[in-house]
Amino acid sequence: MYYLFQQRDEISSVLFYESCETEQQLDDLMATAGFPVMFIYDDITKGIRIINDYYDLQQCHQIINSLVR
């Protein structure tokens, strides 16, 4: 499953995510995201793709651990 993490802006501390099953769905979510995409997490490979470098890798891991269970 892919998780697309978005944030209203860099001042906002509120992060939220949308999830999907396929790369095609991920591409569709990226194209229609209402807010800037910060990073993407793939829970199968445990890979993180940072889109906006506001968060470093360690911060991404902390966010994922707090929001995705």
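This one's a predicted model, so the numbers in the text were calculated from it and none came from an experiment. Just the heavy atoms: all of them, side chains too, but no hydrogens, waters or symmetry mates, feed the values below.
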Among residues at least two apart in sequence or on other chains, which ones pass side chain to side chain donor-acceptor pair (under 3.5 Å) with [X]?
X	answer
Glu23	Tyr2
Thr45	Asp42
Tyr55	Gln7
Gln24	Asp28

Test side chain to side chain contact (heavy atoms under 4.5 Å, CB included) applied to Asn65 - qualifying residues, sequence neighbours left out: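 Testing Asn65 for side chain to side chain contact (heavy atoms under 4.5 Å, CB included), a comparison that skips the adjacent residues, returns none.
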For Asp27, all residues meeting side chain to side chain contact (heavy atoms under 4.5 Å, CB included), sequence neighbours excluded: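 If we apply the side chain to side chain contact (heavy atoms under 4.5 Å, CB included) test to Asp27, skipping adjacent residues, there are no hits.
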Pairs meeting criterion ring-ring contact (aromatic ring centres under 6.0 Å, His included) with involvement of residues 18-37, two or more places apart: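 Matches after skipping sequence neighbours: Phe16-Phe35.
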Same apolar cluster: [X] and [Y], side chain cutoff 4.5 Å:
X	Y	result
Tyr3	Ile64	yes
Tyr54	Leu67	yes
Met1	Tyr17	yes

Audit row: Val68, Asp43, side-chain contact (heavy atoms from CB on, under 4.5 Å) steps and yes/no: CA-CA 9 Å; Val68 177; Asp43 73 344; 5.8 Å; no
Euclidean distance, Gln59 CD relative to Gln62 CD, rounded to 0.5 Å: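 Here the rounded value is 6.5 Å.
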Distance, nearest 0.5 Å, that separates NZ of Lys46 from OH of Tyr41: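 If I round to the nearest 0.5 Å, the distance is 4.0 Å.
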Phe39: partners by ring-ring contact (aromatic ring centres under 6.0 Å, His included), with sequence neighbours left out: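 If we apply the ring-ring contact (aromatic ring centres under 6.0 Å, His included) test to Phe39, skipping adjacent residues, the hits are Phe5.
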From CA spacing to verdict: side-chain contact (heavy atoms from CB on, under 4.5 Å), Asn52, Val37: CA-CA 7 Å; Asn52 178 327; Val37 176; over 6 Å; no
Neighbour count above 12 (heavy atom, 6.0 Å) for Asp56 CG: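 Result for CG/Asp56: enclosed.
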[X] vs [Y] side-chain heavy atoms within contact, under 4.5 Å:
X	Y	answer
Leu26	Ile40	yes
Gln6	Leu15	no
Ile50	Cys60	yes

